[in-house]
Number of protein chains: 4
Amino acid sequence: MPAKSKPVEEKKTFIEEARRKQIIDAALQTIAEQGYTQTSFAEIAKSLGITKGLIAYHFNGKHDLITSAIHTILNRQGAYIRGRVEEETKGSAKLRVYIESSFEYISQNRSQFVALVDLWGSFTSPEEKKAFSDSAYDPCRAHLKKIFRIGVEQKEFGKFDEQSMASVIQGAIDGIMLQWVFDPKAVDLQESSRELSEMFVKRLKKA
Amino acid sequence: MPAKSKPVEEKKTFIEEARRKQIIDAALQTIAEQGYTQTSFAEIAKSLGITKGLIAYHFNGKHDLITSAIHTILNRQGAYIRGRVEEETKGSAKLRVYIESSFEYISQNRSQFVALVDLWGSFTSPEEKKAFSDSAYDPCRAHLKKIFRIGVEQKEFGKFDEQSMASVIQGAIDGIMLQWVFDPKAVDLQESSRELSEMFVKRLKKA
Amino acid sequence: MPAKSKPVEEKKTFIEEARRKQIIDAALQTIAEQGYTQTSFAEIAKSLGITKGLIAYHFNGKHDLITSAIHTILNRQGAYIRGRVEEETKGSAKLRVYIESSFEYISQNRSQFVALVDLWGSFTSPEEKKAFSDSAYDPCRAHLKKIFRIGVEQKEFGKFDEQSMASVIQGAIDGIMLQWVFDPKAVDLQESSRELSEMFVKRLKKA
Amino acid sequence: MPAKSKPVEEKKTFIEEARRKQIIDAALQTIAEQGYTQTSFAEIAKSLGITKGLIAYHFNGKHDLITSAIHTILNRQGAYIRGRVEEETKGSAKLRVYIESSFEYISQNRSQFVALVDLWGSFTSPEEKKAFSDSAYDPCRAHLKKIFRIGVEQKEFGKFDEQSMASVIQGAIDGIMLQWVFDPKAVDLQESSRELSEMFVKRLKKA
DNA sequence: AATGAATGAGCATTCATTCAT
DNA sequence: CATGAATGAATGCTCATTCAT
């Protein structure tokens with residue numbers, strides 16, 4: 001009876017996904033508040049009023065949970081930025097919005113980035129670090145390169161090394177975010193955002 | 001006879017400090033290789049051929065060890081950069097060297113920075129994060145501001161917000177370092193170094 | 001259907017409580033045999049054929065375990081004595097039975113009192129000592145005072161300081177128990193019991 | 001040169017004994033303040049401004065130290081009581097003074113008895129418990145029996161079981177001391193002393 | 001006589017994970 | 001789906017003890 005089992009499966013998947021999302025959000029919250037090393041399944045479960053067994057049921061171990069959590073953060077931020085960038089047509093405007101919307105999202109979702117910085121330490125082997133790099137930075141750099149090409153096609157941008165420039169722009173955003181994670185009062189996110197977007201747009205424009 | 005008591009004191013300090021340095025270096029190495037969460041006293045001790053009890057004897061607990069390790073990294077890098085910057089006299093040259101020597105030191109001491117990124121996650125409370133920020137970023141930003149003022153006094157640099165510019169420069173360095181920690185092949189440290197130093201010197205110079 | 005939920009709750013509590021009781025009894029046995037300082041979770045677990053993790057699961061740390069163990073001893077003895085005293089009506093008979101049933105219970109549960117003497121040393125701070133005093137001696141002295149008042153109301157007992165007399169009677173019982181714990185052959189519990197009950201009854205009776 | 005070496009040896013023994021006494025007193029103080037389980041060689045050494053290696057040098061291990069400490073307490077108390085009892089000639093007076101001087105010494109040396117109660121838990125095997133009983137209680141009971149015999153010879157005391165009566169008297173003293181150790185406010189030492197001495201003298205006197 | 005570096009065994013505790021219900 | 005009892009391995013840490021100096 002495949003016809004019968006299908007709806008059941010779909011329903012399972014729905015609840016399943018809702019639970020996963022719920023658990024991931026609770027995990028991020030707990031990590032942001034108490035730090036990654038202090039965050040156990042028991043702690044997350046307690047904050048949700050469920051048992052830790054249930055977390056183990058929905059995730060294939062701790063590694064799965066934190067991997068999912070990291071991807072959730074990156075996907076949400078990526079979706080937000082992409083949406084904002086698509087509203088613009090000119091390359092320079094797209095770049096400006098890429099940088100500024102990055103900071104917007106960061107400033108509005110502090111706990112996620114506090115958690116993210118903590119989670120960087122959860123990759124033990126070079127392979128895991130590389131995998132994280134691929135899934136976290138590569139899409140960003142690819143997005144930036146796409147923007148570059150649009151600017152070049154529009155004869156707005158000059159010549160420069162795309163890969164390095166993408167790394168530099170993304171690095172500048174992340175490095176400021178990092179300082180802000182450790183001490184939100186130490187860095188003015190809005191001022192930094194303006195400074196960076198202005199500087200990089202000027203840098204990329206044809207002489 | 002103060003002359004006699006001195007050598008005794010030095011010897012005491014010498015063995016103690018040599019051990020601490022030895023343990024810190026082994027800890028950094030192990031953290032870089034296996035990740036912070038996988039790095040136990042037992043692991044560090046094994047890599048040194050000593051017992052874990054000895055680590056507990058020389059450090060006031062794990063917190064003391066990793067705090068000392070972080071400060072060691074930052075002090076070494078700070079000393080290196082300061083030495084290089086002092087060789088220059090012009091503000092623009094100082095800034096250029098600040099950025100380039102930062103990357104030089106980073107590229108020559110990879111494992112220390114791999115460890116550092118892991119150790120960021122070891123600060124659990126906002127207070128600890130703030131304390132790290134104070135001891136790690138404040139001195140960097142202060143150094144940069146000093147360079148700014150020299151450039152301004154020499155009528156080389158124009159007007160800009162010092163605190164924000166310091167955050168932005170340091171952030172750009174750190175953000176690129178971060179990408180390079182996760183995947184050394186993904187980012188060209190030398191090219192990024194050149195790009196950043198050129199861009200920031202141009203940005204700060206009087207119009 | 002409250003009738004249905006009740007058994008579920010009882011079963012939960014039942015397993016939990018059964019385990020706690022089992023662990024407490026094993027702990028008392030082990031303490032009596034090997035001494036408190038030699039009694040580790042591992043030792044208790046081994047004697048039960050369970051893992052030490054399970055003890056940590058059912059008790060909130062070692063302090064919780066030994067506190068529960070002490071209360072178990074005192075509650076059991078208290079319940080036994082109270083039951084025996086209630087069978088009597090006359091004040092003098094109640095007092096006699098209080099003393100004699102104390103010794104009866106002690107002599108029939110040696111290991112519990114061997115453990116108890118060991119556990120006295122587990123209270124480190126004056127506050128903990130005071131708390132133990134409140135929960136261990138206060139109820140005994142209160143019970144004795146209640147007996148005194150019954151004897152006075154029945155015009156059997158004369159005048160005396162209640163608090164001091166309660167301390168003295170309880171102290172005499174405990175002090176003999178203590179000698180018997182260190183060397184069961186050195187003191188004749190039955191003879192001491194008779195001597196004390198006779199002496200105190202005579203002391204309290206009206207001249 | 002035996003004449004020369006002798007004084008040196010004596011001096012060594014003198015220093016040796018002075019150190020042992022100093023360490024024992026520091027140990028008792030620390031145990032009374034922090035509890036036996038919290039009292040390490042390091043703790044004792046710190047309170048004296050010496051190193052823990054020195055304690056190990058002067059004592060044959062921890063067992064030796066605490067055994068010596070216990071004997072010190074008991075010897076001091078025993079000497080005090082014996083001195084006071086010898087001043088009396090009549091059996092009843094001797095008994096009265098035995099009890100009262102016991103409480104006097106206890107009340108004036110609280111920390112020693114707080115430590116003693118803690119140290120009871122340091123005897124792990126029945127053999128050690130028995131040995132403690134022999135060295136602690138036997139002399140007390142022997143002393144009491146000697147007093148009994150004097151009273152009997154003086155035709156003051158009647159007939160009773162000596163061993164049991166000695167246990168009961170010593171037990172009553174110790175039991176009250178015990179309550180006072182846990183909470184000094186819960187029991188009036190002087191009133192208890194008077195009550196006990198009066199009661200036991202009356203009990204032993206010929207009808 | 002005294003130090004302090006070093007050991008090594010032992011400890012309570014934490015925690016992801018498993019599994020019967 | 002969900003529970004919670006149970007596991008077992010790992011961890012930081014304590015501490016008496018040893019020993020070269």
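Numbers restart at 1 for each chain; the letters A, B, ... are given by sequence-line order, proteins then strands.
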Among residues 19-28 of chain D, which ones have heavy-atom contacts with DNA chain E below 4.0 Å? D/Arg19

May I ask you to test the B/Arg20-B/Asp64 pair for a side-chain heavy-atom distance under 4.5 Å? yes

Mind calculating the distance between NZ (B/Lys46) and C1' (F/dA10) to the nearest angstrom? 13 Å

Going by the rule salt bridge (Lys or Arg N to Asp or Glu O under 4.0 Å), which residues pair with B/Asp25 if we only count those two or more places apart in sequence or in a different chain? B/Lys21, B/Arg76

Within the 4.0 Å limit for protein heavy atoms, which parts of nucleotides 13-20 of chain E are touched? Write it as a string from 5' to 3', B for base, S for sugar-phosphate only, - for none. BBSBBB--

Counting only pairs under 3.5 Å, give me each side-chain donor-acceptor contact of residues 111-129 of chain B, with atom names and distances, residues two or more places apart or in other chains.
from: B/Asp118; atom 1: OD2; to: B/Tyr36; atom 2: N; distance (Å): 2.5
from: B/Ser122; atom 1: OG; to: B/Leu119; atom 2: O; distance (Å): 2.6
from: B/Thr124; atom 1: OG1; to: B/Glu128; atom 2: OE1; distance (Å): 2.8
from: B/Ser125; atom 1: OG; to: B/Glu127; atom 2: OE1; distance (Å): 3.4
from: B/Ser125; atom 1: OG; to: B/Glu128; atom 2: N; distance (Å): 3.1
from: B/Glu128; atom 1: OE1; to: B/Thr124; atom 2: N; distance (Å): 3.1
from: B/Glu128; atom 1: OE1; to: B/Ser125; atom 2: N; distance (Å): 3.4
from: B/Glu128; atom 1: OE2; to: B/His63; atom 2: NE2; distance (Å): 2.8
from: B/Lys129; atom 1: NZ; to: B/Phe123; atom 2: O; distance (Å): 3.0

Taking F/dC1, E/dG8, F/dG4 as options, the one with an atom nearest any side-chain atom of A/Thr51 is F/dG4

C/Ile55 has an atom CD1; how far is it from atom P of F/dG8, in whole Å? 14 Å

How close or far is atom P of E/dA1 from atom CZ of D/Phe59, stated in whole angstroms? 13 Å

Identify the stems formed by DNA chain F, where each pair is Watson-Crick or G-U wobble with both distances under 3.5 angstrom and a stem is at least 3 consecutive pairs. E:2-21 with F:2-21

Measure the distance from OH on D/Tyr36 to C1' on F/dC15 and round it to the nearest whole Å. 12 Å

Looking at B/His58, I'd like to know whether one of its side-chain N or O atoms comes within less than 4.0 Å of OP1 or OP2 on E/dA6. yes

Which atom pairs, donor and acceptor, lie under 3.5 Å between side-chain atoms of residues 39-52 of chain C and protein residues at least two apart or in another chain?
from: C/Thr39; atom 1: OG1; to: C/Gly35; atom 2: O; distance (Å): 2.7
from: C/Ser40; atom 1: OG; to: C/Glu43; atom 2: N; distance (Å): 3.2
from: C/Ser47; atom 1: OG; to: C/Ile44; atom 2: O; distance (Å): 2.8

